[in-house]
Amino acid sequence: MKAIAITGSIATGKSTVSKYLIQQGYPVIDTDIISRVVVEKGTVGLERLKENFGEDIIQADGTLNRKALGNIVFNDEASKEKLNQILHPLISKESKERMAAYKEEGHSLIFVDIPLYYEVDIDIPTDAVWLVYVSPDIQLERLMKRNQIGEEDARQLISNQISIEDKAKWSEIVIDNSNTPEETHKQVDQLLKAENNK
């Protein structure tokens, strides 16, 4: 079984590609969803967060108060690092279990949606990287429109990640999502055809 990482940057349209792959019948493991699953009520992950960040991050119903946790780690590198040390092994374990299950089901090609593939060191084995790319200008414009924010705030959010141009240099495959969804889908179709003919 081959596993391909799908990544991008904020507002480059990674979810457009992931959704299309699912529509075409390919399994997509979404690490963003997994990051929420591993800290659900009653999990080891939530217990470890409580031990490290205190009772204040737990809501009355026993679930995680994401806002309270976000406030703690937002401007504190040490807290952010601690959070990653707790979450990343759990996300990695759950992802690997899902990959093994798909392999068991007989899938020969699966995808793992990893938004911060180049930013974080997470132990999920993949064979190639497909980057969903738009130019920095289009990225800025789409982010401002999507989040209803001004240029300064949008630039700040973009600067929190490695630049899309650098990621493009490092990725095996670059999918240009600058135009219509149909044009993006065409590129994905060609890549899938190439993969299935290997």
Side-chain angles (χ1 to χ4, degrees), residues 4-23 28-39 49 53 57 59 63-88 91 95 111-122 124 126 128-188 191:
I4 294 174
I6 301 281
T7 194
S9 283
I10 192 167
T12 63
K14 181 179 51 59
S15 60
T16 302
V17 172
S18 288
K19 281 176 192 160
Y20 185 67
L21 289 166
I22 292 167
Q23 284 169 9
V28 176
I29 296 167
D30 188 332
T31 56
D32 255 0
I33 291 172
I34 289 176
S35 71
R36 293 194 276 277
V37 169
V38 297
V39 292
L49 290 182
F53 298 103
I57 64 158
Q59 301 189 108
T63 60
L64 177 64
N65 183 333
R66 292 182 179 282
K67 194 168 182 218
L69 179 60
N71 289 341
I72 293 170
V73 302
F74 184 64
N75 279 322
D76 182 2
E77 280 305 316
S79 293
K80 200 180 284 181
E81 184 56 37
K82 192 189 288 181
L83 178 65
N84 289 340
Q85 282 170 3
I86 294 167
L87 291 185
H88 289 173
I91 294 167
S95 299
F111 295 87
V112 190
D113 186 327
I114 311 175
L116 298 176
Y117 180 87
Y118 289 112
E119 282 85 355
V120 299
D121 183 20
I122 194 157
I124 300 173
T126 53
V129 181
W130 289 8
L131 177 84
V132 184
Y133 170 90
V134 296
S135 71
D137 288 347
I138 293 175
Q139 181 186 18
L140 181 66
E141 187 185 311
R142 287 185 183 174
L143 181 58
M144 286 165 65
K145 190 176 174 186
R146 188 189 80 183
N147 287 25
Q148 298 288 295
I149 55 176
E151 186 175 330
E152 197 179 324
D153 288 342
R155 286 190 186 281
Q156 180 59 49
L157 285 172
I158 290 168
S159 73
N160 288 337
Q161 299 179 349
I162 293 168
S163 86
I164 192 70
E165 298 294 352
D166 283 341
K167 290 178 181 182
K169 287 177 206 157
W170 303 333
S171 303
E172 285 90 338
I173 298 289
V174 176
I175 298 166
D176 185 352
N177 188 38
S178 304
N179 299 303
T180 63
E182 290 71 27
E183 288 182 55
T184 299
H185 295 164
K186 265 187 219 163
Q187 292 173 70
V188 175
L191 290 168

4.5 Å side-chain heavy-atom contact, [X] and [Y]:
X	Y	value
Ile72	Leu83	no
Val129	Ile173	no
Thr7	Val132	no
Ile6	Ile114	no
Asn177	Thr12	no
Ile162	Trp170	yes
Ile86	Phe53	yes
Thr16	His185	yes

Atom [atom1] in [X], atom [atom2] in [Y]: separation rounded to 0.5 Å?
X	Y	atom1	atom2	answer
Ile138	Ser178	CD1	OG	4.0 Å
Ile122	Ile34	CD1	CD1	9.0 Å
Thr184	Asn179	OG1	CG	7.0 Å
Asp121	Leu116	CG	CG	12.5 Å
Gln85	Lys80	CD	NZ	14.0 Å
Ser9	Leu131	OG	CG	7.0 Å

Work out which heavy atom in [X] is nearest to a heavy atom in [Y]; give both atom names and the distance.
X	Y	result
Ala154	Leu140	CB-CD1, 3.6 Å
Gln59	Leu64	NE2-O, 3.4 Å
Ile124	Ser95	CD1-OG, 3.6 Å
Asp32	Ser35	O-OG, 2.6 Å
Gln187	Val174	OE1-O, 4.3 Å

Subject >> side chain to side chain donor-acceptor pair (under 3.5 Å) pairs, two or more places apart, involving residues 143-155 >> reply: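 Qualifying pairs: Glu151-Arg155.
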
Original post:
Passes side chain to side chain contact (heavy atoms under 4.5 Å, CB included), Ile4 versus Thr126? Steps please.
Top reply: CA-CA 5 Å; Ile4 294 174; Thr126 53; over 6 Å; no

Original post:
Does any donor atom in the side chain of Tyr118 or Ser171 lie under 3.5 Å from an acceptor atom in the other side chain?
Top reply: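 There is such a pair (donor and acceptor under 3.5 Å, judged by atom type) between the side chains of Tyr118 and Ser171.
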
Original post:
Pairs in or reaching into residues 161-183: which pass salt bridge (Lys or Arg N to Asp or Glu O under 4.0 Å), with residues at least two apart or in two chains?
Top reply: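 Found Glu119-Lys167, Asp166-Lys169.
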
Subject >> Residues that Asp113 engages under side chain to side chain contact (heavy atoms under 4.5 Å, CB included), provided they are two or more places apart >> reply: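 Side chain to side chain contact (heavy atoms under 4.5 Å, CB included) check on Asp113 returns Lys14, Ser18, Val28, Asp30, Pro115.
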
